[in-house]
K.L.:
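Below: one structure in structure tokens.
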Amino acid sequence: MTALDLGAVFRAAGVTGWLHALDLDSGREVGHRPDEPVSMASVFKVPLLVEFCRQADAGLLDPADRVTVRGAARSTGPTGISAMLDDVTISLRDLAYLMIAVSDNSAADALAARVGLDAVNAMLARFGLTGTHVEQNARQQNDSMAEDTGHGWPFLDPEDLARLRVLDPLRTNRSTARETAALFALIWRDEAASAESCAWMRGVLNLQVWPHRLASGFPYDDVEVSGKTGTLPTVRNEAGVVEYPDGGRYAVAVFTRAFSPALNQPRADAVIGTAARMAVDHLRR
């Protein structure tokens, strides 16, 4: 596979794309612009998940500790606690589940307040993932868009989009396709945290509810797809691991930026699965 092949697939879907795929056992890899910085959107919740588990392993926090997320303090979002009306008392562990499974912004921010973004970045540096950095929680990302444009959602005007810091990898939560795939590899190899914590993270990532991106490329009952999506204006991402019944395991990270500002872009969602399937097929040949 050449970079041109994947580039043509992304362009046909109306997006610019970045991809890295890694065979977790052989080390074989394939990519398309894998080392260019990209905006993570909600994929930033994966390194937050890892640091939460590492702090639990070290005894710095108890995953069963309960916190109350107040209605007035919620981060905006369409899912989970973010969409609820009343105060919610919940364990840290269940916040982490909601943050991943339904990409709950309020759950992520409550967890980030306990874990600390500085600790997340220190962990990433220790793993050598120096191109990955978490600068903002979900509320800060959302607030910055309103500050940059002078209004709230939606953001459809090209001039507004050009002002959004969340779309500039140098001014927001950032990574590369290679480093994001590498972080998933650490989880699947029991190297990101303790073996028990890594197994729990794999289970939570397998419970993500969205089937329309990465999983759409692997529509088989015997192929497991675990992952985390990320969405911002013109940005659609997903990274995860694809596991085959013969034991093959492939970490895949796909980031995209749409040419159109439209909110509904099914081709942009679907190309994440298409490109991931092309990459995995290449690694399996």
Side-chain angles (χ1 to χ4, degrees), residues 40-127 129 132-143 173 175 180 183-210 226-230 239-241:
M40 296 179 82
S42 281
V43 178
F44 89 86
K45 295 166 184 172
V46 178
L48 176 55
L49 178 72
V50 170
E51 180 57 19
F52 164 70
C53 285
R54 289 174 65 84
Q55 290 187 18
D57 290 341
L60 299 177
L61 57 79
D62 182 348
D65 278 353
R66 300 175 74 80
V67 298
T68 297
V69 183
R70 303 291 179 188
R74 286 203 178 89
S75 305
T76 58
T79 60
I81 296 171
S82 291
M84 298 178 187
L85 298 178
D86 301 313
D87 295 350
V88 175
T89 299
I90 188 171
S91 71
L92 294 174
R93 179 166 39 215
D94 286 341
L95 285 173
Y97 155 73
L98 286 173
M99 170 181 78
I100 297 298
V102 298
S103 203
D104 183 341
N105 287 337
S106 289
D109 287 356
L111 195 68
R114 180 65 66 94
V115 171
L117 296 186
D118 288 344
V120 173
N121 290 316
M123 173 273 297
L124 291 165
R126 282 193 294 273
F127 281 125
L129 303 176
T132 305
H133 190 80
V134 180
E135 295 191 7
Q136 301 168 305
N137 64 21
R139 177 189 287 273
Q140 290 167 330
Q141 288 191 118
N142 288 333
D143 287 350
N173 299 337
S175 188
T180 300
L183 185 61
F184 275 89
L186 290 170
I187 297 170
W188 256 254
R189 291 170 175 160
D190 289 343
E191 297 170 357
S194 68
E196 180 181 6
S197 287
C198 285
W200 180 78
M201 284 190 278
R202 292 192 293 270
V204 170
L205 288 157
N206 186 249
L207 293 174
Q208 182 186 234
V209 301
W210 317 120
S226 308
K228 180 70 197 76
T229 60
V241 172

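Only heavy atoms go into these numbers, but all of them, side chains included; no hydrogens, no water, no symmetry mates.
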K.L.:
Start with the C-alpha distance between L183 and V46, add both sets of side-chain angles, then the distance that settles side-chain contact (heavy atoms from CB on, under 4.5 Å), and finish with yes or no.
P.N.:
CA-CA 8 Å; L183 185 61; V46 178; 3.9 Å; yes

K.L.:
Is the CD atom of E196 crowded by more than 12 outside heavy atoms at less than 6.0 Å?
P.N.:
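No, not enclosed.
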
K.L.:
Test of understanding: with side chain to side chain donor-acceptor pair (under 3.5 Å), list the residues that count as partners of R114, not counting sequence neighbours.
P.N.:
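For R114, no residue satisfies side chain to side chain donor-acceptor pair (under 3.5 Å) once neighbours in sequence are set aside.
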
K.L.:
For A110, which residues count as a side chain to side chain contact (heavy atoms under 4.5 Å, CB included) partner, sequence neighbours excluded?
P.N.:
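Listed in chain order: V69, L95.
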
K.L.:
For S175, give me all partners under side chain to side chain donor-acceptor pair (under 3.5 Å), at least two apart in sequence or on another chain.
P.N.:
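Counting only residues at least two positions away or on another chain, S175 forms a side chain to side chain donor-acceptor pair (under 3.5 Å) with T132, T180.
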
K.L.:
According to side chain to side chain donor-acceptor pair (under 3.5 Å), who are the partners of S103, at least two apart in sequence or on a separate chain?
P.N.:
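In terms of side chain to side chain donor-acceptor pair (under 3.5 Å), with neighbours along the sequence ignored, S103 is linked to S42, K45, K228.
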
K.L.:
List the residues meeting salt bridge (Lys or Arg N to Asp or Glu O under 4.0 Å) with R189, not counting sequence neighbours, and say none if there are none.
P.N.:
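Expected list: none.
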
K.L.:
Hey, can you pull the donor-acceptor pairs under 3.5 Å for the side chains in residues 55-67, sequence neighbours left out?
P.N.:
{"residue": "Q55", "atom": "NE2", "partner": "E51", "partner atom": "OE2", "Å": "2.9"}
{"residue": "Q55", "atom": "NE2", "partner": "V115", "partner atom": "O", "Å": "3.1"}
{"residue": "D57", "atom": "OD1", "partner": "S194", "partner atom": "OG", "Å": "3.0"}
{"residue": "D57", "atom": "OD1", "partner": "S197", "partner atom": "OG", "Å": "2.6"}
{"residue": "D57", "atom": "OD2", "partner": "S194", "partner atom": "N", "Å": "2.8"}
{"residue": "D57", "atom": "OD2", "partner": "S194", "partner atom": "OG", "Å": "3.2"}
{"residue": "D57", "atom": "OD2", "partner": "S197", "partner atom": "OG", "Å": "3.4"}
{"residue": "D62", "atom": "OD1", "partner": "A64", "partner atom": "N", "Å": "2.9"}

K.L.:
For W200 and A96, work out which heavy atoms get closest and say how close.
P.N.:
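Here W200 and A96 meet closest at CH2-CB, 3.7 Å.
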
K.L.:
Which distance, rounded to the nearest 0.5 Å, do you find between the CZ of F127 and the CG of L124?
P.N.:
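These two atoms lie 8.5 Å from each other.
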
K.L.:
Tell me whether R54 contacts the main-chain N or O of A192 through its side chain, where contact means a donor paired with an acceptor under 3.5 Å.
P.N.:
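Yes.
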
K.L.:
Could you list the residues that satisfy side chain to side chain contact (heavy atoms under 4.5 Å, CB included) with V88, not counting sequence neighbours?
P.N.:
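V88: side chain to side chain contact (heavy atoms under 4.5 Å, CB included) contacts with R74, I81, M84, I90.
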
K.L.:
Going by the rule side chain to side chain contact (heavy atoms under 4.5 Å, CB included), which residues pair with Q140 if we only count those two or more places apart in sequence or in a different chain?
P.N.:
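Residues passing side chain to side chain contact (heavy atoms under 4.5 Å, CB included) with Q140: Q136, N137.
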
K.L.:
Looking only at non-hydrogen atoms, find the nearest pair between A193 and M201 and report the distance.
P.N.:
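That closest heavy-atom pairing would be CB-CE, 4.1 Å.
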
K.L.:
Rounded to the nearest 0.5 Å, what separation is found between the CG atom of L111 and the CD1 atom of I100?
P.N.:
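So the CG of L111 and the CD1 of I100 are separated by 9.0 Å.
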
K.L.:
What pairs with E135 under salt bridge (Lys or Arg N to Asp or Glu O under 4.0 Å), at least two apart in sequence or on another chain?
P.N.:
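Salt bridge (Lys or Arg N to Asp or Glu O under 4.0 Å) check on E135 returns R174.
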
K.L.:
Do W188 and L205 pass the side-chain contact (heavy atoms from CB on, under 4.5 Å) test, and can you show the C-alpha distance, the side-chain angles, and the key distance before you say yes or no?
P.N.:
CA-CA 11 Å; W188 256 254; L205 288 157; 3.8 Å; yes

K.L.:
Which heavy atom in Q141 sits nearest to a heavy atom in F44, and how many Å separate them?
P.N.:
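Between these two residues, the closest heavy atoms are NE2-CE2, 3.7 Å.
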
K.L.:
How would you list all residue pairs meeting salt bridge (charged side-chain N to carboxylate O under 4.0 Å, His left out) that involve residues 101-110, not counting sequence neighbours?
P.N.:
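Salt bridge (charged side-chain N to carboxylate O under 4.0 Å, His left out) check on residues 101-110 returns no pairs.
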
K.L.:
Could you list the residues that satisfy salt bridge (Lys or Arg N to Asp or Glu O under 4.0 Å) with R93, not counting sequence neighbours?
P.N.:
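Counting only residues at least two positions away or on another chain, R93 forms no salt bridge (Lys or Arg N to Asp or Glu O under 4.0 Å).
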
K.L.:
Could you tell me whether the side chain of Q208 and the main chain of A101 form a donor-acceptor pair under 3.5 Å?
P.N.:
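Pair absent, no side-chain N/O of Q208 close to backbone of A101.
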
K.L.:
Would you say the side-chain atoms of T79 pair up with the backbone N or O of V102, donor to acceptor, closer than 3.5 Å?
P.N.:
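Yes, because the side chain of T79 sits within donor-acceptor range (under 3.5 Å) of the backbone of V102.
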
K.L.:
Decide side chain to side chain donor-acceptor pair (under 3.5 Å) for N105 and S75; before the verdict, give the C-alpha distance in whole Å, the side-chain angles of both, and the deciding distance to 0.1 Å.
P.N.:
CA-CA 6 Å; N105 287 337; S75 305; over 6 Å; no

K.L.:
May I ask you to decide if C198's main-chain N or O and D190's side chain share a donor-acceptor pair within less than 3.5 Å?
P.N.:
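Not confirmed, D190 side chain does not pair with C198 backbone.
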
